[in-house]
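Structure first, then comments.
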Amino acid sequence: MSQQSETLRETGGEQRQTTETQVRDDERVCPECEAALVVDEAHGETVCEACGLVVEEDEIDHGPEWRAFDSNERAEKSRVGAPTTKLLHDEGLSSVIDWQDRDAKGRTIDGSKRRKLQRLRTWDERFRSKNAQERNLKQALGEIDRMSSALGLPENVRETASVVYRRALEDDLLRGRSIEAMATASLYAAARQASVPRSLDEFEPVSRVGRKEFSRAYRYIVRELGLAIEPANPLEYLPRFASDLDMDGETTTRARALLEEGMESGVHSGKSPVGLAAAALYAASILEGEKITQKEVCSVSDVSEVTVRNRYTELLEAGTDPDAARGAA
DNA sequence: CATTCGTGAAGACGAAT
DNA sequence: ATTCGATTTCACGAATG
């Protein structure tokens, strides 16, 4: 999956080089000598290269840009430009291109200037929508990170999830759906694709949106993106549940055999894979004499005891395993 | 007493219309 | 969007150890 990590790196481009203590700050120059300022991150200071003048960080002056010698002058020149706002991602500092073909005095613009404006609008629009998507993505990736660490999902699943999300974003699948729901759905899909599935029940408490919402989002992206996700295999849940229960390797192997047999005879069609896995563990624990209670398997697998009961009787019936018969007797 | 087993009503879900 | 069928869950009681 090198393709995925490449896509990932692509947008991670805004990392700062924090290892360097000295970074040129080209935006500002020293008020005394006009030389470029240098940011000393170790000391948290901004310093002039040439004359050594120290300009404190975080002391950016938003006030008047000229000195005022009396109140008249102060009123006149108090501020240049619009105040900045945190509500816009660029703090309102970017240019806005009007849709009207008129200049500042209201006269119409014509000819080549008009076409030029048109091209500018096109690009402006492209950058703006790109930024909107980037911000969206940033938030979603944060959520994916949060949830996957809460669920103990490995790194590669996060990457897959972010790729899925990115595709959904590019295909304009986000309309009317919340970022959170889509992020959850992407992670769910990724976990299943990576053969380390988590059930919807496990996602419910870590997601910020309701189960209904993200499961709908999940179905939606699977259909729209054409993701090939097969029904979850009960075997994939086994190792995790087994280790949660501190079960014997023997018993786990037995459970796996039981499951495989059961799937041969088709007991699993239409049944919840999680319940099947839980039942197999329970059945195996009886057969192996390492007794665990139904309640215990239920607590690690989030299925009801009833389901475990039903599944495990089916599993034992389907199992023509002579060994199983002997163990039960 | 804890665990297991069975049952019917009720909810959730996917498929079909 | 609603309806239908299958599955799961809940709540309960009974049996078993």
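Order of the sequence lines fixes the chain letters, A, B, ..., with proteins taken first and strands second; residue numbering starts at 1 for each chain. Computed from a predicted structure; not experimentally measured.
Note on residues 205-227 of chain A: pairs passing salt bridge (charged side-chain N to carboxylate O under 4.0 Å, His left out), not counting sequence neighbours, are Glu143(A)-Arg208(A), Asp201(A)-Arg211(A), Glu204(A)-Arg211(A). Evaluation of the salt bridge (charged side-chain N to carboxylate O under 4.0 Å, His left out) test over residues 279-296 of chain A, restricted to residues two or more places apart or in two chains, returns Arg254(A)-Glu288(A). Each salt bridge (charged side-chain N to carboxylate O under 4.0 Å, His left out) pair with one or both residues in residues 262-272 of chain A, not counting sequence neighbours, appears once here: Lys271(A)-Glu314(A).
Stem list for DNA chain B (at least 3 consecutive Watson-Crick or G-U pairs, distances under 3.5 Å): B:1-10 with C:8-17, B:13-17 with C:1-5.
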Checking Val164(A) against Arg167(A) for the side-chain contact (heavy atoms from CB on, under 4.5 Å) test, could you report, in this order, the C-alpha distance in whole Å, the side-chain angles of both residues, the deciding distance, and whether it holds? CA-CA 5 Å; Val164(A) 171; Arg167(A) 283 184 56 193; 5.8 Å; no
When you look at Glu180(A) and Arg146(A), which way does the salt bridge (charged side-chain N to carboxylate O under 4.0 Å, His left out) test go after all the steps? CA-CA 11 Å; Glu180(A) 178 73 22; Arg146(A) 183 183 61 79; 3.6 Å; yes
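Of the inter-residue distances, the one linking Leu316(A) atom CG with Arg311(A) atom CZ reads 12.5 Å to the nearest 0.5 angstrom. For the atom pair OH (Tyr237(A)) and CG (Asp302(A)), the distance works out to 10.5 Å, reported to the nearest 0.5 Å. In this structure, the separation between OH on Tyr188(A) and CZ on Phe214(A) is 8.5 Å, given to the nearest 0.5 Å.
Counting to the nearest Å, the P atom of dG14(B) and the OH atom of Tyr220(A) are 17 Å from each other.
Across all strands, Ser215(A) comes closer than 4.0 Å to no nucleic acid atom at all (heavy-atom distances). When heavy atoms are screened at a 4.0 angstrom cut-off, Arg216(A) is found touching no nucleic acid atom at all.
A donor-acceptor contact closer than 3.5 angstrom links the side chains of Arg121(A) and Gln118(A).
Side chain of Arg192(A) to main chain of Glu230(A): a donor-acceptor pair is present (N/O by atom type, distance under 3.5 Å, no hydrogens or angles).
Within residues 188-212 of chain A, the residues approached by DNA chain B to less than 4.0 Å at the level of any non-hydrogen atom are Arg211(A), in residue-number order.
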Do any N or O atoms of the protein come closer than 3.5 Å to N or O atoms of nucleotides 4-11 of chain B, and which pairs are they?
residue : atom : partner   : partner atom : Å
dT4(B)  : OP1  : Tyr282(A) : OH           : 3.3
dT4(B)  : OP2  : Gln294(A) : N            : 3.0
dC5(B)  : OP1  : Tyr312(A) : OH           : 2.8
dC5(B)  : OP2  : Gln294(A) : NE2          : 2.7
dC5(B)  : OP2  : Tyr312(A) : OH           : 3.2
dG6(B)  : O6   : Arg309(A) : NH2          : 3.1

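The side chain of Arg219(A) contributes no N or O atom lying less than 4.0 Å from OP1 or OP2 of dC13(B).
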